There are 2 protein chains.
Amino acid sequence: MKIGELSSTTGIDIQTLRYYESQNLISKPKRLSNGYRDYSDDTISTLQFIKKAKLVGFTLNEIKELLEIQVTKDKHTCHEVKEFTQVKLDEINHKISELKKIKSALSKIHQTCCGGFESAENCSILSALENSDD
Amino acid sequence: MKIGELSSTTGIDIQTLRYYESQNLISKPKRLSNGYRDYSDDTISTLQFIKKAKLVGFTLNEIKELLEIQVTKDKHTCHEVKEFTQVKLDEINHKISELKKIKSALSKIHQTCCGGFESAENCSILSALENSDD
DNA sequence: CTTGACTCTATAGCATACTTTAGGGTTTAG
DNA sequence: CTAAACCCTAAAGTATGCTATAGAGTCAAG
Ligand SMILES: [Zn+2]
Ligand SMILES: [Zn+2]
Ligand SMILES: [Zn+2]
Ligand SMILES: [Zn+2]
């Protein structure tokens, strides 16, 4: 199948498909006599794997690693795969807790402000940001 | 004070200080006869403002806006400032909830895997990513 | 035969917040 | 006087995941 069909089948933009190829996420397809890319059906499932993996937070590089594991499943263990997702879960948890820290710091500043329509000359939000003490 | 001193006082890298200047976060300092930057003490508080604002999650562009508000406080209202932080809080909350969605999707996949040292040929994590159905 | 849809490559751009590099002056201590 | 430490500019590089642009060949329908 040509790139346009693959694109509409998977919902992935043509440019993006070529980009994935350049990043070695999908293997280089055969070419028709006119030079057009000619994909096999397997590519669809690879792309679905990529989409799913993106959805659960993996980066393209991580997905590349995952794909390498996936195509050589028999040479890898469940332990290894589970460890991979564990690392990612840890990362996500870390990001969440960082954001929560930021949120609570900003909330604290936010709450002190009256929010009224008077001049901001004594606005507690601005003061909080000005103050040099932590 | 010269840039090195400002850098060690504030803990902000010299290159970063010049970068902030290029982005108009801090105003262009006077120059000594040899062309070296000569900062006034006010710059320190501006930089502390920037550091604090970064800590609570504002981007440099947002900080630039905040600084404009701050130097013309009297022409702005508390309402305006509070609205500004509210928008940011909403953004942060959105990011957190997105991450939580990702987390729960990944967790679900993660939990099904036995994590054992057998071959990953039937690993449920890989299967979950392969499956075309949502 | 022409028009429009499709495909190709190579390169640049976007957003963010720096960091690095290259190449070159200035100052100060010994 | 010289070497280290400090300062300067301009431009390119980093990471991420595309997206856009330019210029050009190919194919199918009317
Ligand atoms: Zn107020
Ligand atoms: Zn206020
Ligand atoms: Zn298992
Ligand atoms: Zn498993």
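Within every chain, numbering begins at 1; the chains are lettered A, B, ... in the order of the sequence lines, protein sequences first and strands thereafter. Just so we're clear, the structure is a prediction, and the values are computed from it rather than from any experiment.
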Rounded to whole Å, please give me the gap between CD1 in A/I50 and P in D/dT16.
16 Å
Cluster link A/L89 to B/I109, ILVMFWY, side chain under 4.5 Å
yes
Per the ring-ring contact (aromatic ring centres under 6.0 Å, His included) rule, what does the pair list look like for residues 41-81 of chain A, sequence neighbours excluded?
A/F58-A/F84, A/H79-B/F117
Nearest whole Å is fine: how far is C/dA15 C1' from B/K64 NZ?
14 Å
Whole angstrom value for the distance that separates C1' of C/dT16 from NZ of B/K95:
11 Å
So for atom NZ, which belongs to B/K64, do other residues, nucleotides or ligands contribute more than 12 heavy atoms lying within a distance under 6.0 Å?
yes
Spacing of A/E91 atom CD relative to D/dT16 atom C1', expressed in whole Å:
14 Å
To the nearest angstrom, the CG-C1' distance between B/D38 and C/dT26 comes to 15 Å
If only side-chain N and O atoms count, and only distance matters, is there a donor-acceptor pair under 3.5 Å linking B/N61 with B/E65?
no
Specify the residue among A/G4 and B/L60 whose closest nucleotide of DNA chain C lies further upstream toward the 5′ end.
A/G4
Student check: side-chain heavy atoms of B/T43 and B/L17 closer than 4.5 Å
no
Candidate nucleotides D/dC7, D/dT19, C/dT19, ranked by approach to the side chain of B/Q15 - the nearest:
C/dT19
Go through C/dT7, D/dA20, D/dT16 for me and flag the one nearest to the A/K2 side chain.
C/dT7
Report the distance from atom CD1 of A/I3 to atom P of D/dC27, rounded to the nearest whole Å.
16 Å
Whole-Å distance separating the CD atom of A/E5 from the P atom of C/dC6:
12 Å
So, for B/S127 and B/N122, which heavy atoms are closest and what is the spacing to 0.1 Å?
OG-O, 4.3 Å
For residues 100-118 of chain B, the salt bridge (Lys or Arg N to Asp or Glu O under 4.0 Å) pairs (sequence neighbours left out) are B/E98-B/K101
Kindly say if A/K54 contacts the phosphate of D/dC18, meaning a side-chain N or O under 4.0 Å from OP1 or OP2.
yes
Figure out the CD1/P separation between A/I14 and C/dC6, and round it to whole Å.
8 Å
Using a cut-off of strictly less than 4.0 Å between a heavy atom of the residue and any atom of DNA chain D, enumerate the qualifying residues of residues 16-36 of chain B by number.
B/R18, B/R31, B/G35, B/Y36
